[in-house]
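Everything on this sheet refers to the single structure shown next.
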Amino acid sequence: MREGIVARPLLSAESVRKAYGAQEVLGGVSLTIHEGDRVGLIGRNGSGKSTLLRLLYGDETPDAGKIVRARGIRVGFLRQQCPLNPEWTVQQALEAAVADLRSLEEEYRDTLASLAETPGECWAYQELQQRAHELESQLSARDGWRVEPLLKTFSTALRLPAPERKLGELSGGELRRVDLAVQLAGRPDVLLLDEPTNHIDTESSAWIESWLESYSGACVLVTHDRYFLDRVASRIVELEFGRTYSFPGGYSRFLEYKSAVEDTQIRSEANRLALIRRELAWYRRGAKARTTKQKARIQRLESLVEEGPPPAHKEYAFAIPEPERLGKDVIEARGVGHGWGDQWLFRHFSFRVENGMRVGIVGPNGSGKTTLLRILMGTEVPREGEVLIGSSVRFLYVDQQLEEVDPAQPILDFVSGGAKFFDVGARRLHVPSYLEQFLFERRSVDMPMGNLSGGECARICLAKKLMRGGNLLVLDEPTNDLDLYALRLLEETLLSFEGAALVVSHDRYFLNRVCTHILSLGDSETIGIVTGNYDDYLLWRERRPSVVSVKDASSETALSGRGVTRDSDEKKESREIGRKKLTWAEQRELEQIPELIEQRERELADLEGIIGQENFYTRDYREVQETLARMDQLRESIAHLYERWTELEARRG
């Protein structure tokens, strides 16, 4: 939007109120979405984010206030639950999304055909010409000329299932990716996206970011992906205590504003309390409301007391009981490989997990992240190699599946089978007291599960899993159902946890904060091992040499040669060039290569010995990084020397 031009409002909520029973979720919320807006809508679980999106879209109506839409605008909505017909195939769902674009294109072509057959002096000619211009503008604004390439792009970038598969047969993650593609493909004027990056791998999330940057419409994003908010959002709107608070910029800028606001509130509350103390001292000295001035002063005191402190959230903690201290031997994978038939997910994987390490596992969906977790936990046997698990290891596995909940079952029955005490190793937990740390009052343990909100239900499921305790955390997508506050709390819990952790996550910000190592799957049969956090992993990806798989190489050979053994003219010419004599400098180079290879292989062996030492990963971070980088350089150098040696020997012979 050019400077000085006010963007047109497209969709707004004006003093909207919404309650479910006696609980008011939204209390006078106002929000306006303008052309080109990128609004990040954040708030704690249960604050009303999804409710506000449903109101903006029209799935629900407000109890008070109103929703105003600009005339003729189209709104797309990615819901938490997919509404698409389960009998449709993936292709049918995508075609339904672009049906109006195809209809516009067909009408445009029909209009042009009619225009060509209509005399220019006829009164209908100008109407047809105007309609053709309108249709052309609509198609251009929505990229309607490139429907087929766009559908192919969505299918590839979001890793959609095969076009012929039925939606009812898809997993929850696959179905969500199809629904996201459907919403994006329609290119509405306003996109309402409720957790668009859930079940989306990091590469696809980055693609969605770039797509939204070039998207001409407006969008409202509810997401816990803080990198996503930072790179996409032009302003952050926080829902808190039933009201909205707007801050310009991305998530990092929001944190600065929020900190300043909270500092101001703290100072204001301190001033209010100080003033109350002074006025009470005056009042206790025997002040009587005889004069107008004294009456006003007493009324001001009463107002200060009635005003009360600013509303505050109840705080909770992720309590993880540790049954016993983690010993020296934790997990060691030796030459591990796994796959099915001729397909391998990974091979030759060797790695040691030591106490204090927090290992992030990343890779595209279907690359074997959860399989690797199960192998490292000993619940699945690898196809090759072995995994050694220390005798002191007690796994605490938290997966991404929410348990089936009986709405009539009391909370205490769901969490502990009705028992008020639960033994974790040598410790005994009082379950109602433990649940208090997750913001469930002691008297609420007899309340039926059906009374809980979606966020509360997710929190009680997490409390139940964490209550088992452990000294090695295994977290499979732990961030999907947590709000931003809970995410920060989980990060702090992991950073202070005295055991070790294995974490599968697509949340780049989360991985950056907590991880000491990254394991990367999916690019080849080799698992990449990076010491450091997610930023270090990105640097590793940029610097590593490109790997061409055997399959790709054989395909390339098949395409170029088609299996024909007869020499082409180009091959004959290439061989003739190859027979040229070595120059004096090349002869000297050939003589020196064996010694260089030997030197580099000795240095590489020394480094591998250092890296294999038990205390290597506890050394200074910079030293570890430099050692690993030098090892990669040596491997590349040795490979290059062998290639050069082979080339020169062939020419000499």
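Between the CG atom of Asn533 and the SG atom of Cys515 there is a distance of 7.5 Å, given to the nearest 0.5 Å. The line from OG of Ser416 to NZ of Lys464 is 9.0 Å long, rounded to the nearest 0.5 Å. Residue Leu184 holds its CG atom at 10.5 Å from CG of Leu150, rounded to the nearest 0.5 Å. Of the inter-residue distances, the one linking Lys49 atom NZ with Leu26 atom CG reads 11.0 Å to the nearest 0.5 angstrom. To the nearest 0.5 Å, atoms CZ (Arg226) and CG (Asp507) are separated by 5.0 Å. Once rounded to the nearest 0.5 Å, the distance linking CG of Leu466 with CZ of Arg468 reads 8.0 Å.
Nearest heavy-atom pair, Leu494 versus Phe510, reported as atom, atom and distance to 0.1 Å: CD1-CZ, 3.5 Å. Residues Pro448 and Pro407 come closest through the heavy atom pair CB-O, 3.3 Å. Pairing each heavy atom of Arg176 with each of Leu78, the nearest pair is NH2-CD2, 3.8 Å. When all heavy atoms are compared, the tightest approach of Val190 to Tyr215 is N-OH, 4.1 Å. Scanning both residues, Ala93 and Val182, for their nearest heavy atoms gives O-CG2, 3.6 Å. Smallest separation of non-hydrogen atoms from Ala185 and Leu151: CB-CD2, 4.2 Å.
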Exercise. Hey, mind stepping through Glu14 and Ile67 against side chain to side chain contact (heavy atoms under 4.5 Å, CB included) and telling me if it holds?
Worked result: CA-CA 6 Å; Glu14 298 180 2; Ile67 303 295; over 6 Å; no
For this session: In sequence, state the C-alpha distance, the side-chain angles, and the governing distance for Ile42 and Leu229, and then conclude on side chain to side chain contact (heavy atoms under 4.5 Å, CB included).
Result: CA-CA 10 Å; Ile42 66 173; Leu229 285 172; 3.9 Å; yes
For this session: Could you give me the CA-CA distance, side-chain angles and deciding distance for Tyr537 and Tyr534, then say whether ring-ring contact (aromatic ring centres under 6.0 Å, His included) is met?
Result: CA-CA 5 Å; Tyr537 160 71; Tyr534 192 78; 5.3 Å; yes
Exercise. Salt bridge (Lys or Arg N to Asp or Glu O under 4.0 Å) between Arg513 and Glu492: does it pass, once the steps are laid out?
Worked result: CA-CA 9 Å; Arg513 280 210 69 197; Glu492 296 301 327; 2.7 Å; yes
Exercise. Yes or no on salt bridge (Lys or Arg N to Asp or Glu O under 4.0 Å) for Arg74 and Asp189, after CA distance, side-chain angles and deciding distance?
Worked result: CA-CA 5 Å; Arg74 293 166 296 102; Asp189 301 298; 3.6 Å; yes
For this session: Would you check, one step at a time, whether the test side chain to side chain contact (heavy atoms under 4.5 Å, CB included) holds for Leu11 with Thr32?
Result: CA-CA 6 Å; Leu11 181 61; Thr32 300; over 6 Å; no
Problem set entry | Check against side chain to side chain contact (heavy atoms under 4.5 Å, CB included), Leu193 and Val222 | CA-CA 6 Å; Leu193 303 177; Val222 172; over 6 Å; no
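The side chain to side chain contact (heavy atoms under 4.5 Å, CB included) test applied to Asp59 returns Arg54, Tyr57, Phe77, Arg79, not counting sequence neighbours. Every residue meeting the side chain to side chain contact (heavy atoms under 4.5 Å, CB included) condition with Ser210, not counting sequence neighbours, appears here in chain and number order: Trp207.
The main-chain N or O of Pro364 is found under 3.5 Å from a side-chain atom of Ser367 such that the two form a donor-acceptor pair. Between the side chain of Thr244 and the main chain of Ser30, a donor-acceptor pair closer than 3.5 Å is present. Judged by distance alone, the side chain of Ser444 and the main-chain N or O of Met447 form no donor-acceptor pair under 3.5 Å. Distance alone, capped at 3.5 Å, is enough to place a donor-acceptor pair between the Gln92 side chain and the Thr89 backbone. In this structure, the side chain of Arg17 does not engage the main chain of Ala64 through any donor-acceptor pair within 3.5 Å. Without hydrogens or angle criteria, Thr156 side chain to Thr153 main chain gives no donor-acceptor distance under 3.5 Å. Without hydrogens or angle criteria, Ser12 side chain to Leu31 main chain gives no donor-acceptor distance under 3.5 Å.
The local environment of CZ in Arg243 is sparse, with at most 12 non-hydrogen atoms from other residues, nucleotides or ligands closer than 6.0 Å.
A side-chain donor from one of Tyr227 and Asn512 sits under 3.5 Å from a side-chain acceptor of the other. No side-chain donor from either of Glu134 and Gln138 sits under 3.5 Å from a side-chain acceptor of the other.
Between Val75 and Leu192, some side-chain heavy-atom pair lies under the 4.5 Å cut-off. Using a 4.5 Å cut-off on side-chain heavy atoms (C-beta onward), Phe228 and Ile208 make contact. Within the 4.5 Å cutoff, no side-chain heavy atoms of Asp476 are placed close to those of Val503. Under the 4.5 Å side-chain criterion, counting only non-hydrogen atoms from C-beta, Val504 is not in contact with Leu475. When side chains are defined from C-beta on, Arg235 does not count as touching Phe247, because their heavy atoms never get closer than 4.5 Å. A heavy-atom distance below 4.5 Å is found between the side chains of Leu94 and Ser155. Val220 places none of its side-chain heavy atoms less than 4.5 Å from the side chain of Leu191. Inter-residue side-chain proximity for Leu221 and Arg38 is flagged as unmet; no heavy-atom pair is nearer than 4.5 Å.
Taking the ring centre of Tyr257 as origin, the terminal cationic atom of Arg253 falls inside the region bounded by 6.0 Å and 45° from the ring axis. Cation-pi geometry between Lys465 and Tyr397 is not met at under 6.0 angstrom from the ring centre and within 45 degrees of the axis. The side-chain tip of Lys152 does not point at the ring of Phe154 from less than 6.0 angstrom away and within 45° of straight on.
Sorted by first then second residue, the side chain to side chain donor-acceptor pair (under 3.5 Å) pairs that include residues 158-168, not counting sequence neighbours, are Glu87-Lys166, Arg159-Asp201, Arg165-Glu174.
With respect to Arg131 and Glu136, no salt bridge is recorded, no charged nitrogen being found less than 4.0 Å from a carboxylate O. Ionic pairing of Arg109 and Glu105 is present here: one or more N-O contacts between side-chain nitrogen and carboxylate oxygen are shorter than 4.0 angstrom. For Glu238 and Lys258, the salt-bridge test passes: some basic side-chain N is under 4.0 Å from an acidic carboxylate O. Taking 4.0 Å as the cut-off between side-chain N and carboxylate O, Arg508 and Glu209 count as a salt-bridged pair. Taking the charged nitrogens against the carboxylate oxygens, Arg231 and Glu213 have no contact shorter than 4.0 Å, which rules out a salt bridge.
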